[in-house]
Amino acid sequence: MRTLRNIGLLVLFILGLPLLLANIGATYLMRRRAPDKADPPSNYEIAYEEVFFKSRDRLKLFGWWIPADNARGTIIMCHGQEGSMDRDTCRMVPLHNAGFNVFMFDFRGHGRSEGLIVTFGMYEKEDLLGALDYLVETRHIENVGVVGYSMGAAVALITAALSERIGSIVVDSSFGRLTRSIAGWLRLRHVPIPIARELARWILIQCSITTEGRLDQTDPIRWTVHIGPRPILFIFGSRDPYIAQKDIQRMVSLAVGPKEVWTVQGVGHRGAYDADPAEYNRRTVEWFERTLINAPEPASETANSA
């Protein structure tokens, strides 16, 4: 009897261990983020206004409205899932200098915005939709460009499929399938590949239970085809551990409008800017000048490497 009991306990342990690890992983990934070091536009001698607005599901969000003199257009910036929008303030400068209004904001669960969890796009799309509503209702701006980084890039793709107010998009290091990104995160922590893949599925299930939603439905690879003819610039690092090359290729193939792919060789996640800030800024500004201010070009695909 003792042997049977021991076997039963062992079976329970084996079955329960993935659940325990999944719960720990999900809790860590969805935790509220500590803000990055404050870096307001005033550090760059650029005037701005602090604003609060509501997400579509009524969370209170914090942002910066950064107007340009004689503005040529408006760009929304969507930060990644670490810290706050402050990390990306420096990337606002070339857009503002080129004559664009810029609207930056903290996603839920980040910075000075409300929210206790991060959902990698499932609910963050409500934040970007709220930002679009704010620009229409308060600034009377109907058509904008969006540039997103990592999770913010995924949110940009999802939201563009839901709102035609987004006229042009730049996506830097968007994941294609969240499960693969979680598996990549686990592999960086020395979890063997087969275990990382299976544990990533358990973590995603636990995240979905916690949020009462389907996080797998946030995969941008499911949404890109619904963006239609609007232009997209994809930016990736060739050594990004979180994004599978086949997912990149699939997302690009599903984009039916004008599109370009800039793959920067030898860099990892969000590494393109650090590798060559001047080239990064030039490509981003020129993309919005060409696709947001001027009429979109016929659908095409260009692959470049640096």
Side-chain angles (χ1 to χ4, degrees), residues 26 29-33 51-63 74-85 88 103-111 113-137 141-179 181-182 204 207-208 210-228 230-232 234 242-243 247 251 254-255 257:
L29 286 173
M30 292 194 301
R31 74 196 186 284
R32 181 178 175 88
R33 303 304 197 257
V51 301
F52 286 95
F53 64 100
K54 294 289 188 179
S55 68
R56 279 276 177 93
D57 56 353
R58 309 308 296 170
L59 281 182
K60 186 179 181 181
L61 307 178
F62 174 75
T74 299
I75 309 298
I76 300 177
M77 294 177 61
C78 297
H79 65 79
Q81 56 86 23
E82 291 293 346
S84 56
M85 61 180 168
D88 300 315
F103 187 44
M104 303 177 64
F105 67 94
D106 287 326
F107 280 118
R108 66 186 60 208
H110 293 80
S113 291
E114 291 183 342
L116 299 177
I117 61 173
V118 176
T119 65
F120 299 92
M122 185 177 73
Y123 291 135
E124 285 79 6
K125 70 180 184 297
E126 307 297 326
D127 301 346
L128 182 49
L129 288 169
L132 293 168
D133 293 341
Y134 168 82
L135 290 178
V136 170
E137 296 165 4
I141 295 170
E142 294 275 355
N143 187 52
V144 303
V146 175
V147 54
Y149 313 101
S150 189
M151 180 190 76
V155 174
L157 290 171
I158 296 167
T159 310
L162 299 171
S163 175
E164 294 186 356
R165 294 176 185 172
I166 298 175
S168 179
I169 313 157
V170 174
V171 290
D172 182 345
S173 303
S174 171
F175 62 85
R177 297 186 187 278
L178 185 53
T179 305
S181 293
I182 295 173
L204 193 60
C207 289
S208 297
T210 300
T211 60
E212 300 181 349
R214 291 283 303 276
L215 261 70
D216 59 312
Q217 298 297 320
T218 67
D219 289 344
I221 209 166
R222 298 173 178 267
W223 294 85
T224 306
V225 69
H226 301 295
I227 294 173
R230 283 163 291 166
I232 308 173
F234 295 93
Y242 303 112
I243 306 170
D247 286 348
M251 279 194 293
L254 290 172

Quiz prompt | Reported CE-to-CZ distance for the pair M85 and F62, which is rounded to 0.5 angstrom | solution = 4.5 Å
Quiz item: Are side-chain heavy atoms of I75 and V146 found at a separation under 4.5 Å?
Solution: no
Quiz prompt | Side chain to side chain, V51 and F103, heavy atoms closer than 4.5 Å | solution = yes
Practice problem: Begin with the C-alpha distance, continue with both residues' side-chain angles, and end with the deciding distance and a verdict on side-chain contact (heavy atoms from CB on, under 4.5 Å) for D216 and L178. | Solution: CA-CA 7 Å; D216 59 312; L178 185 53; over 6 Å; no
Self-check item: Value rounded to 0.5 Å, distance of CD1 in I117 from SG in C207
Solution: 8.5 Å
Practice problem: Can you measure from CD (E114) to CG (L116) and round to the nearest 0.5 angstrom? | Solution: 9.0 Å
Quiz item: Can you find a pair of side-chain heavy atoms, one from T159 and one from E126, that are under 4.5 Å apart?
Solution: no
Quiz prompt | N-O pairing of D133 and R165 below 4.0 Å | solution = yes
Quiz item: At their closest point, which heavy atom of A153 faces which heavy atom of V171, and how far apart are they?
Solution: O-CG1, 3.6 Å
Practice problem: Would you please indicate if the ring centroids of F105 and F53 are separated by under 6.0 Å? | Solution: yes
Quiz prompt | Y123 side chain to T211 backbone, donor-acceptor under 3.5 Å | solution = yes
Exercise. Give the C-alpha distance, both sets of side-chain angles, the deciding distance and a yes or no for side-chain contact (heavy atoms from CB on, under 4.5 Å) between R56 and K125.
Key: CA-CA 9 Å; R56 279 276 177 93; K125 70 180 184 297; over 6 Å; no
Quiz item: Does R108 come within less than 4.0 Å of D57, counting only side-chain N to carboxylate O?
Solution: yes
Practice problem: Using side chain to side chain contact (heavy atoms under 4.5 Å, CB included) as the criterion, point out the one residue from E82, M151, R32, R31 that pairs with V118. | Solution: M151
Practice problem: Compute whether any side-chain donor of one residue and acceptor of the other, for E124 and T119, lie under 3.5 angstrom apart. | Solution: yes
Quiz item: Under 3.5 Å, side chain of D127 to main-chain N/O of S55, donor-acceptor pair present?
Solution: no
Exercise. For side-chain contact (heavy atoms from CB on, under 4.5 Å), just list the numbers for V147 and C78, CA-CA rounded to whole Å, side-chain angles, deciding distance to a tenth of an Å, and then say yes or no.
Key: CA-CA 6 Å; V147 54; C78 297; over 6 Å; no
Quiz prompt | Polar side-chain atom of H226 near backbone of L162 as donor-acceptor pair, under 3.5 Å | solution = no
Quiz item: What's the shortest heavy-atom distance between L129 and S163, and which atoms?
Solution: CD2-CB, 4.0 Å
Practice problem: Check whether any side-chain heavy atom of L157 sits under 4.5 Å from a side-chain heavy atom of S174, and report yes or no. | Solution: yes
Practice problem: Report yes if the side chains of L132 and I76 come closer than 4.5 Å at any heavy-atom pair, otherwise no. | Solution: yes
Quiz prompt | Residue pair Y149, H79: steps toward the ring pair (Phe, Tyr, Trp, His ring centres under 6.0 Å) verdict | solution = CA-CA 5 Å; Y149 313 101; H79 65 79; 9.1 Å; no
Self-check item: More than 12 heavy atoms of other groups within 6.0 Å of E164 CD
Solution: no
Self-check item: Side-chain donor/acceptor of S208 to backbone N/O of L215, under 3.5 Å
Solution: yes
Quiz item: Going through the checks in order, is the ring pair (Phe, Tyr, Trp, His ring centres under 6.0 Å) test met by Y242 and F175?
Solution: CA-CA 7 Å; Y242 303 112; F175 62 85; over 10 Å; no
Quiz prompt | Heavy-atom side-chain proximity of L61 to K54 below 4.5 angstrom | solution = no
Exercise. Grab the two heavy atoms, one from A156 and one from I169, that are nearest each other, plus how far apart they are.
Key: CB-CG2, 4.1 Å
Quiz item: Given side chains that start at C-beta, do those of F120 and L29 come closer than 4.5 Å, heavy atoms only?
Solution: yes
Quiz item: Between M251 and L254, does a side-chain contact (heavy atoms from CB on, under 4.5 Å) hold up when you go through it step by step?
Solution: CA-CA 5 Å; M251 279 194 293; L254 290 172; 5.8 Å; no
Quiz prompt | Value rounded to 0.5 Å, distance of OG in S150 from CG in D172 | solution = 8.5 Å
Quiz prompt | Closest non-hydrogen atom pair, G111 against D106 | solution = CA-OD2, 3.4 Å
Quiz item: Are any non-hydrogen side-chain atoms of S168 and R230 less than 4.5 angstrom apart?
Solution: no
